[in-house]
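I have placed the structure first, in the form of structure tokens, so that the comments after it can refer back to it.
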Amino acid sequence: MHGDINRELTVIIPTLREAEAIGDVIDELHSYGITNILVVDGHSDDGTDRIAREKGARVVYQPGRGKADAVRHGLSLADTEYVLVMDGDYTYPARHVRELYEKIREGYDEVIGVRVYGEGAQPLVFRVGNRLLTWFFNLLFGTSLGDVLSGMYAVRKSALTSALLEMRGFSVEAEIAAHIASTSASIAELPINYRRRKGRKKLGVLDGLRIGLDMVRLAWRYNPTFVLFSLGSLLLLPGLAIGAWVAYEYLLLGVKHHVWGIIAVVLASTGFNSLLLAIMSIYLKHLEYRMNRRVTELVNLARKTANTPNGC
Ligand SMILES: Nc1nc2c(ncn2[C@@H]2O[C@H](COP(=O)(O)OP(=O)(O)OP(=O)(O)O)[C@@H](O)[C@H]2O)c(=O)[nH]1
Ligand SMILES: [Mg+2]
């Protein structure tokens with residue numbers, strides 16, 4: 001069964017100085033019959049807003065700064081059941097919009113487009129950075145996602161009602177995925193092609209570090225035991241170092257350091273216990289994610305069966 005994509009889905013495009021690309025992005029969307037387009041502009045000074053308006057998109061201006069602020073503003077204005085966020089730089093082919101829409105209508109809360117890079121589409125350092133950050137996210141949230149920072153994803157709006165959405169800059173994707181991974185775990189992925197951007201890049205290497213730090217902050221919100229015990233496990237290092245020194249002094253020089261010996265044992269055993277608990281909390285997160293995901297799949301299956309005539 002096909003729904004009316006323009007009645008059910010708003011395409012949100014955050015833009016900052018994308019005059020070279022935004023016209024082509026909107027034209028391409030139109031060529032696939034997608035017309036419910038909301039451009040959230042960051043007060044670009046290169047005519048991005050004018051071009052988008054001339055091409056027939058609805059254009060609004062973000063109240064604050066940064067991509068996250070623009071996405072949040074777009075989410076607050078969209079009055080459809082689903083939204084799809086994509087960059088305004090021509091990197092994401094419009095043909096994937098409908099694929100993501102069809103997938104999310106199967107009952108998921110989020111569908112992420114996993115980037116398959118075209119030749120020269122993304123410098124190696126950014127590809128490696130993306131990989132590392134996705135790996136870090138998976139570790140913190142017990143997920144096994146392929147591309148958590150993809151700029152093209154569809155979301156069921158109601159899945160975000162209890163989300164805080166307070167991240168800045170380029171961390172909004174991680175925040176949305178963190179919220180859904182920790183609540184319903186109803187995330188699906190689809191491979192999408194990624195092209196070389198038109199116009200200039202906004203994201204720098206420093207932003208990668210910022211996203212990493214923001215992930216730790218998100219983990220503190222959604223998986224605090226892991227962060228706490230990971231910090232605790234750092235005590236293991238000074239504990240082992242002092243212990244080695246005490247042992248060296250005693251065994252080779254015959255000098256006894258009783259107080260330092262006790263300090264070493266306390267630090268090392270506290271650190272070791274924290275490390276075990278940190279590993280345990282990751283394992284529990286994995287379990288929680290897998291169970292939530294399985295439950296969602298079963299609920300969707302039950303819904304589908306109920307909607308099928310004769311129940312089969
Ligand atoms: N409204 C708004 N949009 C922004 C801001 N910063 C970036 N964007 C838009 O967010 C999208 C993602 O930014 P990009 O520079 O493409 O970052 P990226 O996708 O990680 O990097 P590329 O691989 O070069 O495309 C683009 O459409 C930008 O125009 C901002 O401060 N405000
Ligand atoms: Mg981009």
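Counting convention: from 1, in listed order, for ligands and their atoms alike. Everything numeric here is computed off the predicted structure, so don't read it as measured data. Computed over heavy atoms, backbone and side chain alike; hydrogens, waters and symmetry mates excluded.
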Hey, does Q62 come in under 3.5 Å of ligand 1, counting only N/O atoms on both sides?
yes

Tell me, which protein residue and heavy-atom name are nearest atom 14 (P) of ligand 1, and how many Å apart are they?
R197 NH2, 3.4 Å

Give a yes or no on whether a salt bridge exists between D69 and R168, defined as a side-chain N under 4.0 angstrom from a carboxylate O.
no

For atom 22 (P) of ligand 1, the protein heavy atom that lies nearest, with its residue and separation
K201 NZ, 3.2 Å

Measure the distance from atom 13 (O) of ligand 1 to every protein heavy atom, then report the residue, atom name and distance (to 0.1 Å) of the closest one.
F170 CE2, 3.6 Å

One residue to check: Q122. Relative to ligand 1, which of side chain, backbone, both or neither has a non-hydrogen atom less than 4.0 Å away?
side chain

How close does the nearest protein non-hydrogen atom get to atom 19 (O) of ligand 1, and which residue and atom is it?
D87 OD2, 2.6 Å

Ligand 1 contact on K202 by region, counting heavy-atom pairs under 4.0 Å
both

Give yes if a backbone or side-chain nitrogen or oxygen of G66 is under 3.5 Å from a nitrogen or oxygen of ligand 1, and no if not.
yes

With a 4.0 Å heavy-atom cut-off (strictly under), which part of P14 contacts ligand 1: side chain, backbone, both or neither?
both

Between I13 and ligand 1, which residue portion shows a heavy-atom distance shorter than 4.0 Å: side chain, backbone, both, or neither?
neither

So is G151 in contact with ligand 1, going by heavy-atom distances below 4.0 Å?
no

Residue and atom name of the nearest protein heavy atom (relative to atom 23 (O) of ligand 1), distance in Å to one decimal:
Y194 OH, 2.5 Å

Heavy-atom contacts under 4.0 Å between L149 and ligand 1: side chain, backbone, both, or neither?
neither

State, to 0.1 Å, how close V266 and T270 come at their nearest heavy-atom pair, and which atoms those are.
O-OG1, 2.6 Å

shortest atom 10 (O) of ligand 1-to-protein heavy-atom contact is with K67 CD, 3.5 Å

Close N or O approach (T91, ligand 1; < 3.5 Å)
no

Looking at Y32, is R98 sitting on its ring face, NZ or CZ under 6.0 Å from the six-membered ring centre and within 45 degrees of the normal?
no

Just need the protein heavy atom nearest to atom 29 (O) of ligand 1, so name the residue and atom and give the distance.
E18 OE2, 2.6 Å

Give the C-alpha distance, both sets of side-chain angles, the deciding distance and a yes or no for ring-ring contact (aromatic ring centres under 6.0 Å, His included) between Y194 and Y92.
CA-CA 5 Å; Y194 187 80; Y92 297 95; 5.1 Å; yes

Which protein non-hydrogen atom lies closest to atom 5 (C) of ligand 1, naming both residue and atom, and how far is it?
L16 CB, 3.6 Å

Test of understanding: clusters of I, L, V, M, F, W, Y form through side-chain heavy atoms closer than 4.5 Å, transitively. Do L16 and V11 belong to the same one?
no

Consider only side-chain N and O atoms of Y222 and H179, and report whether a donor and an acceptor are under 3.5 Å apart.
yes

